[in-house]
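Scope of the values below: all heavy atoms of this structure, side chains included, with no hydrogens, waters or symmetry mates. Since the structure is predicted, the reported quantities are computational estimates derived from the model, not experimental observations. Below, chains carry the letters A, B, ... as their sequence lines are ordered, and counting in each starts from 1.
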Amino acid sequence: MKARYLYAVLAVSLALSVTACGKKETAEEQPAKPAAATVSAPVDPATAGAITGTVKLDGAAPKAQRIRMDAEPNCAKMHSTPVMDEEYVVGDKGALANVVVYVKDGLGNRTFDTPKETVVLDQNGCVYKPHVVAVRVNQPVEIVNSDPTTHNVHPVPTNNKEWNKSQPPKAEKIVETFAREEVAIPVKCNVHPWMKSYIAVFKHPYFKITGKDGAFEIKNLPPGEYTLVAWHGVLGPSAEQKVTIGAKETKAIEFSFKAQ
Amino acid sequence: MTTTTNRGLHRFAIFTACWTLFLLVAGALVTSNDAGLAVPDWPLSYGSLTPPMVGGIFYEHGHRMVATMAGLLTIILAVWVSRRESRAWMRRLGWAALGAVIAQGLLGGITVKFFLPPWVSVAHAAVAQSFFCILVALALFTSSWWQSDVQVIRYSEHPPVRDRAIKAVVAIFIQLLLGAAYRHHALGLLPHLLGAAVVPAFVLSATSSTRDRRLNAAPALARCGAVLKHVLCAQLVLGGAALWSRLSTQHAPQPMPVMVFFTVAHTAVGALTLAAAVLVVLVSYRVLGPALPGEVNASPSPMTGQESGAA
């Protein structure tokens, strides 16, 4: 009788463990949204306009933190100076780098041909270069390992298929595409947990990544009313801005993020 | 087959339980170092048994090697128990341990293949704790104390220690699940914090009842209760330290050693807290017995492991 009670206690604890089992949804399992009628109208360069501007950080930027590579001598020996993390790269007067500025709305059902040229994401010095890349839906992304150590490349999307591939030194390039628009997919290396990058995926060509001057210019836009958003890896998306441009018109706007 | 104390088997069971605690530490290191997917393939690592042990691969492949050893030890233990034990329930428990370690290995594989689904990772953590408790129980059941003439305290109305200890086990186990759910991003921190406020009440209720004066003739129970209380105190301190270290390093570009240390220690001592509570339950079953027919008052009487059904 006692033994039965004992078994019951053990069985309940095991059952609790097993029933805790769950399942993560993947993008593969999500039903594809029905496609709306699309128009592949070319943009007329004679009437196309542009939107320019800058992205700034309002307030003091958090102090850049040093990446500690001591645990991986292959990485540490590639740097003679301390390596700082690139989440916040701030230039003069608060100019914010590594921000993706893009047209969120206003293009209607226009479609655009997928570029064939590859976008390269390099693992160099145990750091992803560049820190942020932007590609088009189904455009090839070429991932290179320039380091004398093994990496794994692990994008963690919410709207695309997740994958995780190893890439030893001198291994073949990994060439992948992303089938759905997503801003932006974090890319991790779990071998070196400080390594982080972002891949923004767009259906159209109207996006730019800011450099250290925080500037952007989105060209060749057909006249119309657009909604623009700026996105930063830590700060997320900015408030939307509506801009109307006429034929051959260039308008300037500014995005500002509050420092956290 | 006879149920005589087998020192070798008992020591081997203790070693396997200790190795399993080491395995829990190795698993906690994987999670804390964010290395769960440092090896994309399974069951091999980078298509090999000997991948380059760099960065997160050291933690993930190291965990797999320690787990493989735990599996081998459990196979030996299950076979040894089945060959040496006359207690049928002990043989079944040995095979249950083997089943648990196999299930655990498969759950580990699923976490890799499906990119750490949060609730599968929680299940992986929970089965780890259950497996550890089974091994601790096997170590206890194979001890000479368990199988000797233990003085059984007979009561027509037994002290509440057993019921309270069972409630403490359930409470601790749920708290471990909530902790794992937080670590694996299935739930936020609040449920685990609320659990931390509730669990001590269950545990202290159980440990205080082990000091019931009617149990003076069962010093083993009081000792287990004292161990449980001290381990719980250590766990609460480590929980606070783990939370502090996590918050103070949350903007760091990588897992920082101070956070890894306190979080891993908190996980390991959590397993020890559960094991200590399980011991209080098991020992209470061993030393407390129902009154014999015609007996009204408490009267400690010797009882052998065979008599008690060895539980």
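Of the two parts of A:Arg66, only the backbone, made up of N, CA, C and O, holds a non-hydrogen atom closer than 4.5 Å to a non-hydrogen atom of chain B. Interface remark: A:Thr149 contributes side-chain atoms only to the contact with chain B (heavy atom separation under 4.5 Å). Proximity to chain A involves both the backbone and the side chain of B:Pro253, based on heavy atoms less than 4.5 angstrom apart. Heavy atoms of A:Lys196 lying under 4.5 Å from chain B are absent altogether. Contact of B:Asn33 with chain A is made through the backbone alone, with heavy-atom distances under 4.5 Å.
A 6.0 Å sphere centred on NZ of B:Lys167 holds no more than 12 heavy atoms belonging to other residues, nucleotides or ligands. Counting heavy-atom neighbours within 6.0 Å of A:Asp92 CG, excluding the residue itself, gives a total of 12 or less. The number of heavy-atom neighbours closer than 6.0 Å to NE2 of A:His79, taken from other residues, nucleotides and ligands shown, is above 12. B:Leu49 CG: 12 or fewer foreign heavy atoms inside a 6.0 Å radius. Residue B:Phe202 places its CZ atom among 12 or fewer non-hydrogen atoms of other residues, nucleotides or ligands, all under 6.0 Å distant. By the 6.0 Å contact criterion, CZ on B:Phe58 is open, its count of non-hydrogen atoms from other residues, nucleotides or ligands being 12 or less. When the shell of 6.0 Å around CD of B:Gln250 is examined, it contains more than 12 heavy atoms from other residues, nucleotides or ligands.
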Using the side chain to side chain contact (heavy atoms under 4.5 Å, CB included) rule, take B:Gln254 and A:Met195 through it: C-alpha gap first, then chi angles, then the decisive distance, then the call.
CA-CA 8 Å; B:Gln254 65 203 96; A:Met195 286 179 68; over 6 Å; no
Intermediate values then yes/no, side chain to side chain contact (heavy atoms under 4.5 Å, CB included), A:Asn152 and B:Tyr46:
CA-CA 10 Å; A:Asn152 76 297; B:Tyr46 287 80; 3.9 Å; yes
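Taking CD of A:Glu162 as the start and CG of B:Leu116 as the end, the distance is 8.0 Å to the nearest 0.5 Å. Remark: B:Ile57 CD1 to A:Glu72 CD distance equals 8.5 Å, nearest 0.5 Å.
Judged by distance alone, the side chain of A:Asn164 and the main-chain N or O of B:Phe115 form no donor-acceptor pair under 3.5 Å.
Scanning all heavy atoms of the two residues, the minimum distance from B:Pro40 to A:Ser166 falls at CG-N, 3.6 Å. Contact record, B:Asp34 with A:Asn190: O-ND2, 3.4 Å, taken as the closest heavy-atom pair.
The residue among B:Ala38, B:Gly56, B:Ala103, B:Ala181 with the most heavy atom pairs within less than 4.5 Å of chain A is B:Ala38.
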